[in-house]
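Just so you know, these numbers come straight off a predicted model, no measurement behind them. Both counts, for ligands and for their atoms, begin at 1 and track the order of listing. Counting begins at 1 with the first residue of the sequence.
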Amino acid sequence: MIAPGAWLGLLGGGQLGRMFTMAAQSLGYKVLVLDPGVHGPAGSVADEHIVADYLDPKALESIAARCAAATTEFENVPAGALQFLSRHCVVSPGAESVAVAQDRIAEKTFLSSIGLEVAPFRAVHRLEELDGGVAGLLPGIMKRSRLGYDGKGQVRVATVDEARRAFVELGTEPCVLERLLTLELELSVIVARSRDAQVSAWPVSENAHAKGILDVSIVPARVSDAVADSVRAAARRVAERLGYCGVLCVEFFVMRDGRVVVNEIAPRPHNSGHYTIDACVTSQFEQQARVLCGLPLGATELHCPAVMVNLLGDLWAAGEPRWEHVLRHPRAKLHLYGKAQARPGRKMGHYTVLADTVEAALAVAMQIKMLLTSDTQADRLKTA
Ligand code: ADP
Ligand code: MG
């Protein structure tokens with residue numbers, strides 16, 4: 001066990017890293033952040049921030065020398081950095097798990113191999129591979145195998161010609177072409193698996209996306225017990241079969257006929273698990289620190305239903321949003337990530353509304369959302 005007081009290293013400096021840092025600090029740990037950005041959300045709350053590239057040898061050496069353990073907050077961290085650190089300190093998640101989640105081809109192949117259903121897909125490495133036999137995947141989505149997030153690096157395609165164009169547009173890099181499914185809803189499950197193979201899962205979250213970016217998470221998801229049990233079992237299976245150590249999110253599609261398909265996995269805490277900070281006994285970030293340090297897992301139960309809404313940079317179009325819309329509700333919790341620049345589509349913060357029922361939480365959350373957005377629209381009209 002790594003006792004409180006020790007230093008933990010964190011690769012990456014975004015909001016997930018900021019919330020991890022705060023949770024680890026409240027358990028008494030010190031956090032050393034490696035992030036090339038100067039004013040990142042995590043660096044600004046860290047005990048120390050090294051501004052350098054993730055593969056910078058001096059930076060990695062100082063983490064290795066100082067930290068008892070290290071983790072990452074985004075899946076695109078270079079595997080080499082994790083491999084280097086794992087020779088000197090505890091690293092979780094492991095480089096092999098991260099490698100699977102970094103690559104959609106490897107990810108879908110792995111998921112199918114453990115008996116989970118994924119959307120029908122084909123790996124595309126060369127343009128010629130689109131010449132025959134892809135009709136069954138259309139209309140579809142061409143997704144870059146690596147480095148996609150928040151709907152970036154993917155293009156919807158209806159014909160073989162469009163698929164060819166999309167492949168070129170995406171840089172002639174390895175891609176997957178997957179069939180566009182008719183979704184009833186989207187779910188996610190966050191699980192933690194400890195070094196001694198204990199697994200705990202949080203309640204299922206129901207997620208709505210806008211323009212490929214998570215917009216709202218509703219917990220518990222409004223699905224039957226059978227669906228909730230099956231996605232929780234699937235998420236647990238992913239963690240076990242990966243030999244995973246840490247916090248992991250598995251995203252699911254629920255189809256019109258009730259079938260459940262795995263969309264993708266994220267080897268880290270996830271945006272759809274932010275509700276755990278305010279609504280659960282143990283947050284996903286505290287659990288990540290617990291796993292990293294070999295502490296016992298905390299309970300994952302829900303205190304009450306919760307709805308989380310993301311705050312994107314678009315809301316800042318006419319200046320700072322009027323936070324009183326959120327703050328005047330005593331059971332709404334505001335989280336801002338301290339990002340200096342608000343750009344459209346950029347995740348700037350979120351709020352979580354707690355209530356006795358999902359319906360009540362959703363009603364307040366939507367009322368707040370409407371007031372925040374209508375302010376922006378009204379101000380836009382005034383300045384137009
Ligand atoms: P990202 O890594 O950007 O989160 P995803 O593969 O999860 O990429 O896709 C983002 C969103 O796009 C999903 O949450 C879903 O709303 C939609 N989407 C992705 N793949 C499909 C599909 N095969 N059929 C229907 N919708 C999809
Ligand atoms: Mg996704």
Please determine whether the number of non-hydrogen atoms from other residues, nucleotides or ligands lying under 6.0 Å from atom NZ of Lys339 exceeds 12. yes
What do we get for Asn207 next to ligand 1 when only non-hydrogen atoms under 4.0 Å count, side chain, backbone, both or neither? neither
Positive for side chain to side chain donor-acceptor pair (under 3.5 Å) with Glu286, one of Gln284, Arg290, Gln288: Arg290
For Ile141, run the side-chain contact (heavy atoms from CB on, under 4.5 Å) check against Leu180, Leu181, Leu177 and tell me which one passes. Leu180
Glu264 atom (N/O/S) at minimal separation from the Mg ion (ligand 2): OE2
Does NE2 in His209 sit with more than 12 non-hydrogen atoms of other residues, nucleotides or ligands closer than 6.0 Å? yes
Given Glu107, Lys143, Gln154, which one has a non-hydrogen atom that is nearest to atom 20 (N) of ligand 1? Lys143
Using distance alone, determine whether Lys152 and ligand 1 share an N or O pair under 3.5 Å. no
Quick check on Gln341: does its CD atom have over 12 non-hydrogen neighbours (other residues, nucleotides or ligands) under 6.0 Å away? no
Can you tell me which residue and heavy atom of the protein come closest to atom 16 (O) of ligand 1, and the distance to 0.1 Å? Glu186 OE2, 2.4 Å
Parallel, tilted or perpendicular: which fits the ring planes of His350 and His335, with parallel below 30° and perpendicular above 60°? parallel
Does an N or O anywhere in Leu181 fall below 3.5 Å from an N or O of ligand 1? yes
Between Arg331 and Asp356, does at least one N-O distance fall below 4.0 Å, as a salt bridge requires? yes
Hey, which atoms in ligand 1 end up nearer than 4.0 Å to a heavy atom of Leu180? 24 (N), 25 (C)
Starting from the C-alpha separation in whole Å, work towards a yes-or-no answer on ring pair (Phe, Tyr, Trp, His ring centres under 6.0 Å) for Tyr54 and Phe74. CA-CA 12 Å; Tyr54 298 117; Phe74 72 123; 5.3 Å; yes
Suppose we measure from atom 17 (C) of ligand 1 to each protein heavy atom; which comes out shortest, and what is that distance? Arg156 NH2, 4.0 Å
Would you say Val250 and Leu248 make side-chain contact, with heavy atoms under 4.5 Å? yes
With the Mg ion (ligand 2) as the reference point, give the N/O/S atom of Glu251 that is nearest. OE1
Atom indices of ligand 1 within 4.0 angstrom of Glu178 heavy atoms, with elements: 20 (N), 21 (C), 22 (C), 23 (N)
Main-chain N/O of Leu312 paired with Asn310 side-chain donor or acceptor, under 3.5 Å: no
Which heavy atom of the protein is the closest neighbour of atom 1 (P) of ligand 1, given with residue, atom name and distance? Glu264 OE2, 3.4 Å
Identify the closest protein heavy atom to atom 3 (O) of ligand 1: which residue and atom is it, and at what distance? Gly151 N, 2.5 Å
If you count the atoms of ligand 1 from 1 in the order shown, which ones are under 4.0 Å from a heavy atom of Glu251? 7 (O)
closest protein heavy atom to atom 18 (N) of ligand 1 is Phe253 CZ, 3.8 Å
Just to confirm, does any protein heavy atom lie below 4.0 Å from atom 27 (C) of ligand 1? yes
Starting from atom 21 (C) of ligand 1, find the nearest protein heavy-atom neighbour and note its residue, name and distance. Ile141 CD1, 3.4 Å
Run the numbers on Gln25 and Asp47 for side chain to side chain donor-acceptor pair (under 3.5 Å), then give the verdict. CA-CA 9 Å; Gln25 286 169 335; Asp47 294 276; 3.0 Å; yes
Can you tell which part of Arg179 has a heavy atom less than 4.0 Å from ligand 1: side chain, backbone, both or neither? backbone
